[in-house]
Number of protein chains: 2
Amino acid sequence: MGKTATKLGHDEVVATALDLVVREGPDALTMRRLATELDVGTPTIYWHVGSRDELITAMVRTQSRRLADRPVTGGTPRERVLSAAFNLYAGAIEHRSVTSLANQSGASSLLLQDLEAVLLAELEAAGLAGDACGDALRSILVVVTGALVLTLRDYAHLPEDDRAATLWAGCDLEALTTETLRAVVHHHVPGEEPT
Amino acid sequence: MGKTATKLGHDEVVATALDLVVREGPDALTMRRLATELDVGTPTIYWHVGSRDELITAMVRTQSRRLADRPVTGGTPRERVLSAAFNLYAGAIEHRSVTSLANQSGASSLLLQDLEAVLLAELEAAGLAGDACGDALRSILVVVTGALVLTLRDYAHLPEDDRAATLWAGCDLEALTTETLRAVVHHHVPGEEPT
DNA sequence: ACCTGAACACCGTTCAAGT
DNA sequence: ACCTGAACACCGTTCAAGT
């Protein structure tokens, strides 16, 4: 099984690791398991990527690049910024196993890094610059990160919870994210002035 | 060493585990290490708390209760809600090792659970009810969770990052959190009407 | 330069057995 | 009911040794 071994290099190890996590979840990412997947001895992986932490960093960075393809929609600057921000959330949720892995490893911010550029462009197009632009960007990232963590909460395998059920049960997390994002976008991005 | 063994029960195991994490960080929490700390065989811990996940759940729940003491300040409803919300953030940051453990385990929302009651009371005092109240509460929790994750980002031991440095270097995370919270609080909580 | 077998020092968890 | 020694089935990582 597995691909016909062309040569094996750093990038192929990272790609296979991502594939493994997508297929079998974050817990399946084991150096030995990954080695088996590549038909290779375990130390080989260390030779190519250094360590498990470095591997995860490389994986998240790659995933970050892959997420940057979603088109930004909307007519007004506020709508476009909101769209770009929601794209961060939607993309990360779509590959939830990789996002979960990033969260567990404290690499959530790294996952959003390449997407920040898209968002930044929209913010500048909306007329923001300097500190105002950075503040807006950071605020939006706070909301996206929080929304991701709370959405993937039950992806963790912890015991159930009583009261949280009443607060989050049947809650539309996409709508919550949009609404929260709208609040901070409206706060930072100027809207249409009535002529 | 250690306390004179009174009896050893579920709560003492949890308390000792919390103490260990506060003193030596999240990674020090090992069943064997905890057993040593309690002068007890490893299986004894399993007898009292069931498993590592159940232990962490109990720890986070206890920590959640301990965080609920901060006083709410402010004159207007908006100020009081903002104060209560920021208290969630400040309390969790003050015990960052426990918060980090909760994040890694996907129990962040559990950590904030007891604090939600305080926040809920302020929201209701501000005149919110029903869905509007729940929406406001959930939005605020999104922001607090995101702020926590981004603040504790470097608590993880992942390799450094280049561009993120320019975006987050020298950034006042408390101010960012306050500002982002203000945006969603203003969005949800009605302000003073000019008479 | 690239890859390996074998080992080191750990994990979480279980289980028969003790009192 | 409460506690243990010893084991099972894993981990991440290293290292001498191969080609």
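Because the structure is a prediction, the values reported are computed rather than measured. Residue numbers begin at 1 in each chain, while the letters A, B, ... track the order of the sequences.
Contact between B/Pro26 and B/Ser100 at its shortest, heavy atoms only, is CG-CB, 3.9 Å.
Applying the Watson-Crick and G-U wobble criteria (two distances, each under 3.5 Å), D/dT4 pairs with C/dA16.
Here the separation of C/dA9 from D/dA9, taken at their P atoms, is 22 Å to the nearest Å. Taking the C1' atoms as reference points, D/dC8 lies 12 Å from C/dC11, given to the whole Å. Taking the C1' atoms as reference points, D/dC3 lies 13 Å from C/dA16, given to the whole Å.
Contact check, B/His48 against D/dA1: no side-chain N or O comes under 4.0 Å of OP1 or OP2.
The listed nucleotides are D/dC15, C/dC3, C/dT14; the one nearest the side chain of A/Leu8 is C/dC3.
Side-chain contact check for A/Thr16 versus A/Glu12: some heavy-atom pair is nearer than 4.5 Å.
Nucleic acid contact class of A/Thr30 (heavy atoms, under 4.0 Å, all strands): sugar-phosphate only.
Between the CG atom of B/Asp39 and the C1' atom of D/dT4 there is a distance of 14 Å, given to the nearest Å. Summarising the geometry, the separation between CD1 on B/Ile45 and P on C/dT13 is reported as 11 Å, rounded to the nearest angstrom. D/dC2 atom P lies 4 Å from atom CH2 of B/Trp47, rounded to whole Å. Atoms CG (B/Asp27) and C1' (D/dC11) sit 14 Å apart, rounded to a whole Å. Taking atom CG of residue B/Leu34 and atom P of nucleotide C/dT13, one finds them 12 Å apart after rounding to whole Å. Atom P of nucleotide C/dA7 and atom CE of A/Met31 are separated by 21 Å, given to the nearest angstrom. Regarding A/Ile56, its CD1 atom lies at a distance of 9 Å from the P atom of D/dG12, rounded to whole Å. In this structure, A/Gln104 atom CD and D/dG12 atom C1' are separated by 16 Å, rounded to whole Å.
For the pair B/Glu179 and A/Arg138, the salt-bridge criterion is not met [side-chain N within less than 4.0 Å of a carboxylate O]. Taking a cutoff of 4.0 Å between a charged side-chain nitrogen and a carboxylate oxygen, B/Arg32 and B/Glu37 do not qualify as a salt bridge. Between A/Arg70 and A/Glu94 there is a salt bridge, since a side-chain N of the basic residue sits under 4.0 Å from a carboxylate O of the acidic one.
Between A/Gly41 and B/Arg52, the residue anchored nearer the 5' end of DNA chain C, judged by the nucleotide with its closest heavy atom, is A/Gly41. Residue-to-nucleotide proximity on DNA chain C shows that, of A/Arg32 and A/Thr44, the 5′-proximal contact is made by A/Thr44.
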